[in-house]
Amino acid sequence: MRAFTTLTALVAPLDRANVDTDAIIPKQFLKSIRRAGFGPYLFDEWRYLDRGEPDMDCANRPLNKDFVLNQPQYHGAQILLTRENFGCGSSREHAPWALEDYGFRAVIAPSFADIFFNNCFKNGILPIVLPAETVDRLFREMADGYQLTIDLQSQTITTPAGQQIGFDVDENRRYRLLNGLDDIALSLQHADKIKAYETERAKRAPWLFQDA
Amino acid sequence: MAGKTLYDKLWDDHVVHTEDDGSCLIYIDRQLLHEVTSPQAFEGLRLSGRKPWRIARNLAVADHNIPTTDRAKGIADPVSRLQVETLESNCKEFGITEFHMSDIRQGIVHVVGPEQGATLPGMTVVCGDSHTSTHGASAALAFGIGTSEVEHALATQCLVQKKAKNMLIKVNGKAGPGVTAKDIVLAIIGQIGTAGGTGYTIEFGGEAIRELSMEGRMTVCNMAIEAGARAGLIACDEKTIEFYRDRPYAPKGDDWNMAVRYWEKLHSDPDAKFDKVIEFDAAAIKPQVSWGTSPEMVLPVDASVPDPARETDPVKRQSIERALQYMGLKAGQKITDIKLDKVFIGSCTNSRIEDLRAAAAVIKGRKKADSVKQVLIVPGSGLIKQQAEAEGLDKIFTAANFEWREPGCSMCLAMNADRLEAGEHCASTSNRNFEGRQGYGGRTHLVSPAMAAAAAIAGHFVNVAEDAS
């Protein structure tokens, strides 16, 4: 996984609440057995005027010019600013895969759906929860070329005016993201504890340990 | 010391290791796998040269891409076919049991798990699917995960988790006639919202929940995720234990007796402390119909579509305006005036035998309205299909010009050939009414099986509670 340390990048505002994972990446693209290549289909039903299908060449598809990501001033945005309950719905990790493949490295919102929030950390994307009033203020401040600097080490966001906004991240998640660590390798460091747990639990619940 | 909630008990029983920041390594008793969210996890195992930690704790079944028409013809869509074949080859390579498309036990993963006794009370259950919350109906801690976590659970039999907060939703009193588990859970979501349960595990309790069958309880827990909670729970009782007796994967003999003694403790202690308690009056709940593009946009069938002009919050007002535009509805329009193009009865929410019986019961020899183009009845598993046929339900459906299909996820998310066309209104017993969920431009109305069947006959929504009382 790619590490996340600091990021200074253009912000794209997606002014909608309850953006669901079906909207982030529609189900027809979930048929892929690969992890990459979802970026062109990110927000497919909002971004294009036609109906998207897997393996379509998106270069020639009709664009919805009103959609924020199609507006030239937001090209190259790596930070998504949005409203509450972002990522609700399905557990599909294809949603953060699509965001990451498109180029987003951070999402700022007043709240996130739990599974999506968790999935972001597995893919080098930093989801940042800020109070609704602060998110509102960032939406109001948005102007052409609006950039934010996110520093995960110090857990701060710096606005173009130089104002600093702090944010919280679980220590464990922050450590893994800062170092781009493989979760499985870290968990396997506790292999002895897992085995000891199994031995103890098999006495209490033998019906769960008859694997043969 | 205060007593423990059911969630506290399940959590404490599965902690392998605790980190300084409170996150825990939690042991996973059962992983269910399906074709959509597992291929990249198996690929990850291969790339890192890892093997599954305990092969037998995994069970796989393809459901999302499976055709609901003649199985002998295979899967026409090559992309869907490749995904299903990839599950088969991965299961073969890693030695994991898979119920093949031709196996009578095949069906929707969240129907198959309890039906086989593969998910049991007291277990931790995960699956790369948000509706894993369904299994919480059996007092199991069950939640949906992403593909990275599918790989993690395969490789370590554990997951790194932070404990959620405890919420109790108590549904007091008795539900009225025609009011089902689906109506109860939709009414709850309508009140607390799709983020109401975010950060919580919700335990559902109260008389109206206790009164529900196991099937009904699964419907309620299934939609905990639509209330924002990764996991829903219902305490174990006699009904739970009886449900699992003699299931193929359930313990037998002395193990059964030992398991039952453990399962009987799977309820919140009387003095357990919840972070939040919300109470509902079951008698006040009416049959529900969703009108918008989020499960919280739901109203009693006798209500009218909301008027955005009356909403003071600008974000909510904009959401209502967008939803009305997408759904092709007018502010103030009566819900019973919404005309249906298609009806779908199925999904991990409502495809169990009780759901099919409820749908068949409202038909009463009548036929689908001519204006309704298609009514799909998609049982949750091959075994449910067999049971329904033994009871003659299939004949009731086909006599009403409903289509009796093979099991799978079908039009709940339209990854197979079953889908809505743009602009079509569908009465659906599924769980999500997001834009495009049942097909590009499709318009979903979430309802109970009885409400869906009644709408198929009338061509528009009707209040089944009036017929029932």
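No experiment lies behind these values; they were computed from the predicted model shown. Each chain gets a letter, A, B and so on, in the order its sequence line appears, and its residues count up from 1. Side chains are part of it too, since the values below use all heavy atoms of this structure and drop only hydrogens, waters and symmetry mates.
When heavy atoms are compared at a cutoff of 4.5 Å, Q438(B) approaches chain A solely by way of its backbone atoms N, CA, C and O. With a 4.5 angstrom heavy-atom cutoff, N431(B) does not touch chain A via any of its atoms. For chain A, the nearby part of I145(B) is the backbone; its heavy atoms alone come within less than 4.5 Å. Looking at T86(B), the atoms closer than 4.5 Å to chain A (heavy atoms on both sides) all sit in the side chain, from C-beta outward. Only the side chain of R419(B) comes within contact range of chain A, with heavy atoms under 4.5 Å apart. For E151(B), the parts sitting under 4.5 Å from any heavy atom of chain A are the backbone and the side chain alike. Of the atoms belonging to I55(B), not a single heavy atom falls under 4.5 Å from chain A. For chain A, the nearby parts of D255(B) are the backbone and the side chain; heavy atoms of each come within less than 4.5 Å. Interface residue Q318(B): only side-chain heavy atoms are found under 4.5 Å from chain A. When heavy atoms are compared at a cutoff of 4.5 Å, A250(B) does not approach chain A at all. Using a 4.5 Å cut-off between heavy atoms, V15(B) touches chain A through its backbone atoms (N, CA, C, O) alone. Both the backbone and the side chain of H14(B) come within contact range of chain A, with heavy atoms under 4.5 Å apart.
Heavy-atom pairs under 4.5 Å with chain A peak, among E43(B), E19(B), R57(B), at R57(B). For the set R322(B), K252(B), R30(B), the count of heavy-atom pairs under 4.5 angstrom toward chain A peaks at R322(B). For the set P295(B), P251(B), S38(B), the entry with the most heavy-atom pairs within less than 4.5 Å of chain A is P251(B). Per-residue counts of heavy-atom pairs under 4.5 Å with chain A were compared for E296(B), Q161(B), R230(B); the largest is that of R230(B). Here G436(B) is the residue among A155(B), G228(B), S319(B), G436(B) with the most heavy-atom pairs under 4.5 Å with chain A. With respect to chain A, the highest number of heavy-atom pairs below 4.5 Å among T37(B), L413(B), V315(B) belongs to L413(B).
Rounded to the nearest 0.5 angstrom, K31(A) NZ and Q83(B) CD are separated by 8.5 Å. Note: N172(A) CG to S23(B) OG = 3.5 Å, rounded to the nearest 0.5 Å. Put simply, OG1 on T198(B) and CZ on F117(A) are 11.5 Å apart, with the number rounded to the nearest 0.5 Å. Note that CG of L82(B) and CD1 of I33(A) are 4.0 Å apart. Values are rounded to the nearest 0.5 Å. Here CG of D77(B) is found 11.0 Å from CD of Q28(A). Values are rounded to the nearest 0.5 Å.
Residue N257(B) places its CG atom among more than 12 non-hydrogen atoms of other residues, nucleotides or ligands, all under 6.0 Å distant. Within a 6.0 Å sphere centred on CG of D168(A), heavy atoms belonging to other residues, nucleotides or ligands number 12 at most. For NZ of K316(B), the number of neighbouring non-hydrogen atoms (other residues, nucleotides, ligands) closer than 6.0 Å is 12 at most.
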*Take D129(B) and R92(A), measure what salt bridge (Lys or Arg N to Asp or Glu O under 4.0 Å) needs, and give me the verdict at the end.*
CA-CA 7 Å; D129(B) 191 287; R92(A) 60 188 69 164; over 6 Å; no

*Evaluation steps, side chain to side chain contact (heavy atoms under 4.5 Å, CB included), between T147(B) and W97(A)*: CA-CA 10 Å; T147(B) 299; W97(A) 292 340; 3.7 Å; yes

*Report the C-alpha separation of V160(B) and S187(A) in whole Å, then their side-chain angles, then the decisive distance to 0.1 Å, and conclude whether the side chain to side chain contact (heavy atoms under 4.5 Å, CB included) test is met.*
CA-CA 8 Å; V160(B) 180; S187(A) 293; 3.6 Å; yes

*Could you please spell out the steps behind the side chain to side chain contact (heavy atoms under 4.5 Å, CB included) verdict for S148(B) and R35(A)?*
CA-CA 10 Å; S148(B) 295; R35(A) 209 178 244 267; 3.8 Å; yes

_Check against salt bridge (Lys or Arg N to Asp or Glu O under 4.0 Å), D29(B) and R201(A)_ = CA-CA 11 Å; D29(B) 294 317; R201(A) 183 109 186 286; 2.7 Å; yes

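Using a cutoff of 4.0 Å between basic side-chain nitrogens and carboxylate oxygens, R83(A) and D313(B) are not scored as salt-bridged. Classification of D170(A) and K162(B) as a salt-bridged pair holds, one side-chain N sitting under 4.0 Å from a carboxylate O. Residues D20(A) and R437(B) are not paired through a salt bridge, judged by the lack of any N-O separation under 4.0 Å between the basic side chain and the carboxylate.
Using a 30° and 60° split on the angle between ring planes, Y27(B) and F209(A) fall in the parallel class, below 30°.
Although no hydrogens or angles enter the test, the distance criterion places no donor-acceptor pair under 3.5 Å between the side chain of R34(A) and the main chain of Q40(B).
Nearest approach of I115(A) to S130(B), heavy atoms of both residues: CD1-CB, 4.0 Å. Of all heavy-atom pairs between D114(A) and G199(B), the closest is OD2-N, 2.8 Å. G128(B) and S91(A) get closest at one heavy-atom pair: C-OG, 3.4 Å. The two residues G89(A) and I225(B) come nearest to each other via the heavy atoms O-CG1, 4.2 Å. For the residue pair L208(A) and R54(B), the shortest heavy atom distance occurs at O-NH2, 2.6 Å.
Remark: the N118(A) side chain and the E149(B) side chain contain an N/O donor-acceptor pair separated by less than 3.5 Å.
For the pair Y249(B) and W207(A), the minimum side-chain heavy-atom distance is 4.5 Å or more. Counting heavy atoms from C-beta outward, E435(B) and D22(A) have side chains that stay 4.5 Å or more apart. Contact of the E198(A) side chain with the W53(B) side chain is registered, since non-hydrogen atoms from C-beta on lie closer than 4.5 Å.
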